[in-house]
Amino acid sequence: MLTYVAIGAPCGMIMGQTGMEPWMVFALSSTFVTGSGQFMICNLWLAGVPAASIVASVAAISSRFALYSASIAPHLTGASKRQALAVAATLTEEAYGISLAKLVEGEDWGPRESFVLNVILIATWGASCTMGAIVGAVVDVPTAIASFVCTSLFICLLFSQRLSRGNVVAAVSGAVSVAVCKFLGLVNIAVPASVVVGIAIALACDAVLDGRGARDAR
């Protein structure tokens, strides 16, 4: 909850700078459960990026929630369809990590506890973003500083990952594809294109090198 306050407040400030009222900020933050997506929507909107490109970019980074739901589903086999849907529809990254760990460890934890945790974190996020929007209307905080909060979060997540060949190739390929798109004037598709290119090249590289290793072993 405390991390949500630290990240949600700057997000609310940026949302306020897009012209959203505090009640709008709370409504969006309480129903749109990917915080990184909210940062992206606001920053791209302020940069004048077309709506179609914003939708494509946010959809690309939000697709990970399908994997979250799929990985937690086997541990909710005893739950009803309504309970499983309620948990899946309200997942956030932090709630997913906590619930999955407890379900795997076999603790006294089920769909009801997972759903309550999700709701508590979403409410905290919504309140934090709203607080940021209110404070941002009074205190002038540069957009670049507030926006870097989300960027720094992903940098921390990047360096916390296992240093593998695939991760390095994906990161480098994604960065290069963004630079190429911007050099060619394709700013509107730079973000979604970099996601697709980075993943595709990393998978292809792993497939080629793993196949070569298997042939060498034979």
Side-chain angles (χ1 to χ4, degrees), residues 3 6-7 10-11 14 32-75 88 91-101 103-104 143-218:
T3 60
I7 302 174
C11 183
I14 300 176
F32 196 78
V33 294
T34 164
S36 57
Q38 288 181 217
F39 271 101
M40 179 173 286
I41 289 173
C42 297
N43 288 324
L44 294 180
W45 181 266
L46 291 173
V49 176
S53 297
I54 296 177
V55 171
S57 300
V58 175
I61 67 168
S62 300
S63 60
R64 66 190 186 278
F65 282 92
L67 300 177
Y68 293 163
S69 299
S71 64
I72 205 172
H75 303 284
L91 273 179
T92 63
E93 282 96 340
E94 290 76 11
Y96 163 76
I98 294 171
S99 292
L100 184 62
L103 289 169
V104 170
T143 305
I145 295 177
S147 300
F148 188 73
V149 172
C150 187
T151 305
S152 62
L153 173 63
F154 276 96
I155 291 174
C156 292
L157 292 175
L158 175 64
F159 281 98
S160 67
Q161 296 297 309
R162 181 172 61 89
L163 186 61
S164 65
R165 178 183 60 207
N167 287 343
V168 172
V169 171
V172 173
S173 301
V176 171
S177 63
V178 168
V180 171
C181 286
K182 291 191 174 184
F183 178 77
L184 297 176
L186 304 175
V187 179
N188 295 339
I189 65 170
V191 175
S194 67
V195 174
V196 175
V197 169
I199 294 174
I201 293 180
L203 291 174
C205 180
D206 283 344
V208 171
L209 294 179
D210 289 344
R212 183 179 300 171
R215 288 194 300 270
D216 293 341
R218 289 197 297 269

Could you report the tightest heavy-atom contact between [X] and [Y], atom names first, then the distance?
| X | Y | result |
| --- | --- | --- |
| I201 | S173 | CG2-OG, 3.5 Å |
| A202 | V169 | CA-CG1, 3.8 Å |
| L91 | S69 | CD1-OG, 3.9 Å |

Contacts of type side-chain contact (heavy atoms from CB on, under 4.5 Å), residue [X], not counting sequence neighbours:
| X | answer |
| --- | --- |
| A95 | T92, L117, N118, L121 |
| T34 | F32, S36, S62, R64, F65 |
| L100 | I72, H75, Y96, V104 |
| L67 | none |

Could you pull out all donor-acceptor pairs under 3.5 Å where a side-chain atom in residues 190-199 meets a protein atom, sequence neighbours excluded?
residue : atom : partner : partner atom : Å
S194    : OG   : A190    : O            : 3.3
S194    : OG   : V191    : O            : 2.7

Self-check item: Sole candidate of L184, V178, V180 that passes side chain to side chain contact (heavy atoms under 4.5 Å, CB included) when paired with K182
Solution: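 Among the candidates, only V178 passes.
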